[in-house]
Each structure stands twice: as C-alpha cells, then as structure tokens.
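All ligand and atom numbering here is 1-based and tracks the order in the structure.
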Amino acid sequence: MNVTRATFDDVMVPNYNPAGMVPVRGEGSRVWDQDGAEYIDFAGGIAVNVLGHCHPELVGALTEQGNKLWHLSNVFTNEPALRLAAKLTDATFAEKAYFANSGAEANEAALKLARRWALDKFGEDKNQIIAFNKGFHGRTFFTVTVGGQAAYSDGFGPKPGAIDHCDYNDLAAFEAMISDNTCAVMMEPLQGEGGIILPEASFVKGVRELCDKHNALLIFDEVQSGVGRTGDLYAYMGLGVTPDILTTAKSLGGGIPIGAMLTTTAIGAHLKAGTHGSTYGGNPLACAVAEKALDIVNQPEVLEGVLKKEALFREILSAINEKYNVFEEVRGKGMLLGCALNEKYQGRARDFMVAATNENLMCLVAGANVVRFAPSLIIPDEDIKEGLARFERAVAAVVNAE
Ligand SMILES: *Cc1c(COP(=O)(O)O)cnc(C)c1O
C-alpha cells in the first residue's frame, strides 16, 4: 500500500499539520525520508529521542524484552518496572514512583495525588492549584486547564475548577495568589513549549518557601527538562530546589512512550490501592527501554557532554546571528535551546522551521517567536556543525526573501 503526505489529509483528523516529507528511517541524529533524502535531526522527536534514533543499546534492550514479555497490566508487577523505579528513586529525591504512558498522564497522576493528599490531610477547602502563564502540562482536560494557555483549553465545555494562573518569574504575583487553600503549585523548572524560558533562581526558591509556608505541594513538571536535557539529570538539581512531586516523560523512554511521577513515601501513600491506575503504565517493554536510556544518560561523561555541546551550539549560533541579525537572544540550557527572534522577525518562527526543513534540517518552534532545538544528548559534533550550516542557509533564505 502506497502512502504519502497526501494520505494524511485523507485519513487523519486534521489536528496536526505535519511537514511535507515523510521520514522512514533514522540512525543517530540523521533521518531519511521516503525519497531517500537525508536530514539532520535537531528536533529529537520533541525532546524525546535523547540518544538519537535506533541507539544500538536501546534496540538491544527493546529486542531482548520484546522476545521475553511485553505486557501484563498492573494486576502483576514486572522486573523492568521495579528496576526502573529503583534507579529513578536512587537518582533523585524521590522514594516512590508511579508509571504512566505519557507526560500528560504523569501530570494527571500528580494533580490527582495532590488533590487527594490535601483532601485527606486538610479537608475539601484546600483544593486550589496554581500554575503559570505560558506553562504547558499536556492535553488531557485537567492538564491542559492547568497549562497556562487558555487557547488550548477553551472550547471543550466546562473546565476542571479551582485552577489559577500567574506570571512565571513574578514572585510578588505568586505570593499574592497563594494561600492556605492552595493544595499544589505546578511549574516547569524551564518552560519549554512556552518559549524556552528559564526561571530566576530567586523565583524558584521563593516559590518553594511559599509552598512550605502554606502547606502546598510543589510539583515540578520535568517532562521536557528532565533526563539529562539541561546537563543535570533533572533540572531541579541545577536549581538547588527540591519539589515534592516530579513528573518525567519524553526523554525518559528514549523514544518509547512512558511517563513517571516521582514523589516521597509520605505523599505517595495517599494514592492508595484503587485510587488511580493505567492499563499500560509501567509495562515491561517500555520500562526495559527506559531503564537502558536512564543508565546511559545518567553517566558523568554524557551529562558533561551536554554542556560542551551547548557551548558549540551557542558559539555557532552567535556567529550566524552576527551575520544575519535575526535573534534577540539564544536561551535555554543544555540540549534545550531557543533562538528568540528579534523585533523584525516576530511571529515568524514557523517560517524559519519550514526553511530549515527545506535545507534538510529538522527543528522545532516554541511558540510563534522562538526556534527550538532539542537534539539527542549525544549528537556528534560533526552533526551539530553540519546541522547549523544548514540552519545558516535556512536563515539566509528567510532573510533574503524579504
Ligand atoms: C510535552 C510536555 C507534556 C505532555 O507530554 P505528552 O507526552 O505529550 O502527554 C507535559 N509537560 C511538559 C513540560 C511537556 O513539555
């Protein structure tokens, strides 16, 4: 059966608008399309393919587990899930794990846990959830309502209630909003979809202190920032502020769908038997791959390599910008970088992304004004240089089309 990009319009719901080419194969940070054209991948499946495509050790873990046991449901536990939970709790503040299949599901679990914790301990008035404008937490109705872009949650009928938003990095506004009725605060310790926005250290510390003062749980959504992306295993480690609940997905599976919610024993105890669950969450196949991905990422050489690769990106990007003057700044951390467009190019991030695809480079946007790169953490330096040479041609194409 012959399928092409045109087939998409025939058979798929139109909620996505994918690129014109259809990738068929990947290896490391290179991808090939149906016509055999080769691309360099700075998109990483939206910060997912943390070790590139078809990393031999991940393929090994996948095929080994694939020949053993795929799925059980949570009526039974399994060895890969137990080992992954042990490794995640060893490597972080957390003592307990819950597995899901995606970032949104991990966040859904975190929010439900926070509400249940507050109900059990303080009664039903303590139900407010505070989150931040431009934040992104997934597309289930609860998580999209907690996310800070009303455009994504409007138009689906009545929303889950008691959810308020304030500006990121505005501690005074946050202090004015939080109270003893706040049960949880959900934040990304580096806003991804919202435009690659780093928090100020004093803001994160202040949020933590105010959560403590009002007995509110601090939930860090590290779905995008986690698993080595920032050069720390989790971004909270670099900020020196520990959350009560952390969610992780995207890079966790290295390309296989998995999410996890991590927390302490005392808080986790409120998700008693029967309160929450998932058919596929924590299945042996996904956990075996995630375990291998975590083993590889959580090595000093790999994490230090992320910062070296960031430096290379920044050096070449600033040379491109000196020549073409298109960015106001390059921001973000590690292998999660955003080129924020200057006044002249406001609203045109997508044009740069399309021009990049035309030059055989895959990249992303983060909102209308930021071109985003989220490549493999082990992308070879040659691929960074070649990819940015292509990006320079894409920038030239946009600038010269003026
Ligand atoms: C991508 C993302 C999510 C949603 O993850 P899905 O796997 O798409 O459900 C949640 N939070 C953050 C910060 C994300 O970047």
Are [X] and [Y] close enough that their ring centres sit under 6.0 Å apart?
| X | Y | answer |
| --- | --- | --- |
| Phe174 | Tyr168 | no |
| Phe327 | Tyr345 | no |
| Phe99 | Tyr280 | no |

**Report entry** Residue and atom name of the nearest protein heavy atom (relative to atom 11 (N) of ligand 1), distance in Å to one decimal
**Finding:** Asp221 OD2, 2.7 Å
So if I count the atoms of ligand 1 from 1 in the order they appear, which ones are less than 4.0 Å from some heavy atom of [X]?
| X | answer |
| --- | --- |
| Lys250 | 1 (C), 2 (C), 3 (C), 14 (C), 15 (O) |
| Gln224 | 15 (O) |
| Ser102 | 7 (O), 9 (O) |
| His137 | 10 (C), 11 (N) |
| Asn107 | 10 (C), 11 (N) |
| Gly103 | 5 (O), 6 (P), 7 (O), 9 (O) |
| Ala104 | 4 (C), 5 (O), 6 (P), 9 (O) |

Query raised in the report: Distance below 4.0 Å between atom 6 (P) of ligand 1 and any protein heavy atom?
Result: yes
Report summary line: Logged contact type for Glu188 with ligand 1, heavy-atom cut-off 4.0 Å, is side chain
**Report entry** Working for side-chain contact (heavy atoms from CB on, under 4.5 Å), residues Tyr98 and Ser278
**Finding:** CA-CA 10 Å; Tyr98 164 84; Ser278 158; 3.6 Å; yes
**Report entry** Residues, nucleotides or ligands: over 12 heavy atoms within 6.0 Å of Lys87 NZ
**Finding:** yes
Query raised in the report: Taking the side chain as C-beta and beyond, is there a heavy-atom pair between Glu27 and Arg30 under 4.5 Å?
Result: no
Query raised in the report: Can you find a side-chain donor-acceptor pair between Asn107 and Thr247 that sits under 3.5 Å?
Result: yes
Report summary line: What one should report as the nearest heavy-atom pair of Phe42 and Ile384 is CZ-O, 3.7 Å
Query raised in the report: Taking distance alone, with no angle check, do Ala249 and ligand 1 share an N/O pair under 3.5 Å?
Result: no
